[in-house]
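What follows is a short report on a single structure.
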Amino acid sequence: MSDIYENIMELARRRGFIWPASECYGSVAGFIDYGPLGSMMKRRIEDTWREFYVVREGYYEIECPTIGQEDIFIASGHLKGFSDKMCQCPHCSEYLRADHIAEGNGVKGASSLDCEGLGQALCTLPCPACGEVLGDVQVYTFNLMFQTTIGPGSQRKGYLRPETAQGMFTDFQRLLRFYRDTLPFGAVQIGKSYRNEISPRQGMIRLREFTQAEAEIFVHPAEKKHPNFSRYAGYRMPLLGIEQQQGETAALEITMREAVDSGLVANEYVAYYLALTHDLLVTVGVNPEKLRFRQHLPDELAHYAEDCWDAEIFSERFGWVETVGIADRTDYDLKAHAAQSGERFTVFIPYETPRKERRVRVIANMGALGPRFRGKAKEVADALAEAVPGRDGVTIKVGGEDVFISPDLYQVREEEVDIPGEEITPHVIEPSYGIDRMIYAVLEHNYSEETVNEEERRVLRLPPGVSPIQVAVFPLMNRDGLPEIASEITARLKAHRIMAEYDDSGAIGRRYRRQDEIGTPFALTVDYETPDSGTVTLRDRDSMQQVRVKVESLPNLLRSLLNGSSSFASLKSV
RNA sequence: GCAUCGAUGGUCUAGUGGCAUGACUUAGGCCUUCCAAGCCUAUAGCCCGGGUUCAAUUCCCGGUCGAUGCACCA
């Protein structure tokens, strides 16, 4: 089968975008290497992501270890929730989810049984694949996290992170201080995550080591209006809500303002990042015709989440591929880490004016308590402060014993106190991007084959902002001083931080084709007019048109073409 | 993980129990005044391990990778 995927991956391998990892020892499924051009392209896509999230939104990037200690993943739920109870049918060798079979046969609470319990529950049940009674079947857990140990001979367990998100949660207090104790704020991380997938296959779509770009935005639970919502309020894009999916009707093509007001999207924050994500994906080269946003159905939605949408990108090969998840995770993650660590994961929110509250205080008379209770006096005083005395004394518990305290040992004072504010646990808005999937989508959506002069021409129509090489520089002929001029222009462009590549090998047409194939948007050719006129031809990858431009104008001209502030079509020859 | 099929220079491919094809690419040279032109030369290959055999890239077994179908996910 010669489909688009194979053609793209063949090109990607041949030209140094993507290689199977460690080929000399035989590759392992789920691992890939990014070659020279792939790394460059990946970094440009990540930088575009940074442009959106770090520069524009102001959510600073942090970098946390990829190995985490066990507590992190106890809190996050990955240790429990990320492991599946598996068994294998002894008759047909089918690989099965043990808890699913048990539950399907009416075993209540099967998901909370341990392996032994599940094994017992299964022994009389039929295999859903072959129908034979499972009998004495081994149930074992398969956790999708890679495990390791920390330190030599240490029993201390470590896990390779299955997502980058936990780092932003574990650093919450530091981040909160960094942002001077004010909501909302956000932090992002771009980095590797690891999942020991059962069946990785599908090339770069399901990897065991992959790159995520995640943002965690901490907001006040009662204030989910995005301060810059106006930026995307009028942004219109197709939304496939729960209703549209269940009714199998077309996606709603509405603005973000309408989406929030109609209740389709839970709040402005979620809607804002839906639109931003659409904007970002289209900017890096995803075809908007092949992009949709799908809301999680009630049975997909995590119990704690308020709303969750996936950006799905259509691939000729893989169908709709989940590439970005955008969720309002409420306070689940922070509360979980608070419970596990015993640390504070809250923000103090002062009231606009402190609230007055009447309070009854019990003030111990230490002069009398001291001599009477001696060493226990402090304990008694503390217990009194918590107590609610009756008219003639109060009985409190000290060291497990009831002790009666008569009214002469304390005073009851009613007073008004100022409550300056409250501790709240922020809610978390989480946009989470699979960078590798984005890269594949960009390659697939921009790959094209066409016939020019009865020759096949393969072009990657990458947006200039993500092309690995930004401009190619050729001498028309390999003599008469043209190579020297072209080399000099190349060096000058590089000095302006433009990724230029010099090439003098083969016929000019071949050199254009070579660059077309790796997506280089522009090519300069030094010809026989150059020495006299100080001009070169500038050729556009997509239209194959040329204009003649002044050499000294090149850095600025290319800069504006590359960042999109001017277009090739608007250029005129000098 | 299981079942089925496959794996030959960088890429695509022919073929074989006994010197392994061809094309494209790449490098060097000649030529060449703007879209894979031509000529010469060179580099480079039978996925890995074991078995059968005088001899295995070929046959057998196991593994790895890839494709397709079944359960989880960015």
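It should be emphasised that the depicted structure is a prediction, and the values quoted were computed from it without experimental measurement. In the text below, chain A, chain B and the rest are named by the order of the sequence lines, each starting its count at 1.
The side chain of A:Tyr512 lies closest to B:C34, out of B:U68, B:A36, B:C34. Comparing B:A37, B:A74, B:U11 by their closest approach to the side chain of A:Phe210 singles out B:A74. In the set B:C34, B:A67, B:A36, the nucleotide with an atom closest to the side chain of A:Ile508 is B:C34. Residue A:Arg317 places its side chain closer to B:U68 than to any other of B:C65, B:U68, B:A71. Counting only heavy atoms from C-beta on, A:Glu10 has its side chain closest to B:U11 among B:U68, B:U11, B:U32. When each of B:A74, B:A36, B:C12 is scored by its nearest atom to the side-chain atoms of A:Arg13, the top-ranked nucleotide is B:C12.
Using a 4.0 Å heavy-atom distance criterion, A:Ser505 is classed as a sugar-phosphate-only contact. Within the nucleic acid shown, A:Val28 comes within 4.0 Å of sugar-phosphate atoms alone, with no base atom in reach, counting heavy atoms only. Contact annotation for A:Thr525: base contact, defined as any heavy-atom pair under 4.0 Å involving a base atom. When heavy atoms are screened at a 4.0 angstrom cut-off, A:Arg437 is found touching base atoms of the nucleic acid. Using a 4.0 Å heavy-atom cutoff across all strands shown, A:Gln546 reaches at least one base atom of the nucleic acid. Among the heavy atoms of the strands, none lies under 4.0 Å from A:Phe31.
Side-chain N/O atoms of A:Arg479 include one lying less than 4.0 angstrom from OP1 or OP2 on B:U33. Residue A:Arg15 places no side-chain N or O under 4.0 Å from the OP1 or OP2 atom of B:U26. For the pair A:Tyr528 and B:C34, the criterion of a side-chain N or O lying under 4.0 Å from OP1 or OP2 is not met. When the side-chain nitrogen and oxygen atoms of A:Arg510 are compared with OP1 and OP2 of B:U25, one or more of them lie within a distance under 4.0 Å.
Between the C1' atoms of B:C54 and B:G17, the separation comes to 12 Å (whole Å). Atom name C1', nucleotides B:U21 and B:U11: the rounded distance is 16 Å, in whole Å. Remark: the separation of the C1' atoms in B:U68 and B:A37 is 43 Å, to the nearest Å. Across B:U8 and B:C48, the matching C1' atoms stand 15 Å from one another, rounded to whole Å. Comparing the P positions of B:A56 and B:C46 gives an interatomic distance of 15 Å, to the nearest angstrom. The same atom, P, is picked in B:C65 and in B:C24; the two are 34 Å apart, to the nearest Å. Here the separation of B:G9 from B:G62, taken at their C1' atoms, is 27 Å to the nearest Å. Taking atom C1' on both B:U53 and B:U64, the two are 26 Å apart, rounded to the nearest angstrom.
In this structure B:U52 sits in no base pair that meets the Watson-Crick or G-U test at under 3.5 Å. Figure legend. B:U57 is base-paired to no nucleotide; pairs are counted as Watson-Crick or G-U wobble with both atom distances under 3.5 Å. In this entry B:C65 has B:G6 as its Watson-Crick or G-U wobble partner, both defining distances falling under 3.5 Å. Both distances falling under 3.5 Å, in either a Watson-Crick or a G-U wobble arrangement, occur for no nucleotide opposite B:U21. B:G38: Watson-Crick or G-U partner is B:C30, with both key distances under 3.5 Å. A 3.5 Å limit on both hydrogen-bonding distances identifies no Watson-Crick or G-U partner for B:C46. Across all strands shown, B:G1 forms a Watson-Crick or G-U wobble pair, both distances under 3.5 Å, with B:C70.
Side chain to side chain, A:Tyr269 and A:Asp328 fail the donor-acceptor criterion of an N or O pair below 3.5 Å. There is a side-chain donor-acceptor pair under 3.5 Å between A:Asp436 and A:Tyr34. A donor-acceptor contact closer than 3.5 angstrom is absent between the side chains of A:Tyr512 and A:Glu517.
Mapping A:Asp436 and A:Arg511 onto RNA chain B via the closest heavy atom, the residue that lands nearer the 5' end is A:Arg511. The residue among A:Glu23 and A:Arg195 whose nearest nucleotide of RNA chain B lies closer to the 5′ end is A:Glu23.
Atom CG of A:Leu482 is separated from atom C1' of B:U33 by 9 Å (rounded to the nearest Å). We find that CD of A:Glu6 is positioned 8 Å from C1' of B:A67, with the value rounded to whole Å. Across the protein-nucleic acid pair, A:Leu144 atom CG and B:G1 atom P stand 13 Å apart, rounded to whole Å. Atom-to-atom, CG of A:Asn453 to P of B:C34 comes out at 14 Å; the value is rounded to the nearest Å. In this structure, A:His78 atom NE2 and B:A74 atom C1' are separated by 11 Å, rounded to whole Å. At whole-Å resolution of the value, CG in A:Asp516 and C1' in B:C35 are 8 Å apart. If you measure from atom CG of A:Asp503 to atom C1' of B:A27, you get 13 Å, rounded to the nearest angstrom. The nearest whole Å value for the distance from the CG atom in A:Asn196 to the P atom in B:A74 is 16 Å.
With hydrogens and angles disregarded, a donor-acceptor distance shorter than 3.5 Å links the side chain of A:Ser573 to the backbone of A:Arg548. With A:Arg294 contributing its side chain and A:Gly241 its backbone, the two residues share no donor-acceptor pair below 3.5 Å. Side-chain atoms of A:Trp309 do not come within 3.5 Å of backbone N or O of A:Gln295 as any donor-acceptor pair. Listed for the A:Gln189 side chain is a donor-acceptor partner under 3.5 Å among the backbone atoms of A:Cys64.
Ionic pairing of A:Arg329 and A:Asp307 is not present here: no N-O contact between side-chain nitrogen and carboxylate oxygen is shorter than 4.0 angstrom. For the pair A:Arg458 and A:Glu449, the salt-bridge criterion is not met [side-chain N within less than 4.0 Å of a carboxylate O].
Side-chain atoms of A:Arg14 and base atoms of B:C24 include no donor and acceptor less than 3.5 Å apart. Scanning atom types as modelled, no donor and acceptor separated by under 3.5 angstrom connect the side chain of A:Arg208 and the base of B:C73.
Aromatic stacking is not marked for A:Tyr433 over B:A74, as the cut-offs of 5.5 Å for the centres and 30° for the planes do not both hold.
Classification of B:C39 as anti follows from a glycosidic angle more than 90° from 0.
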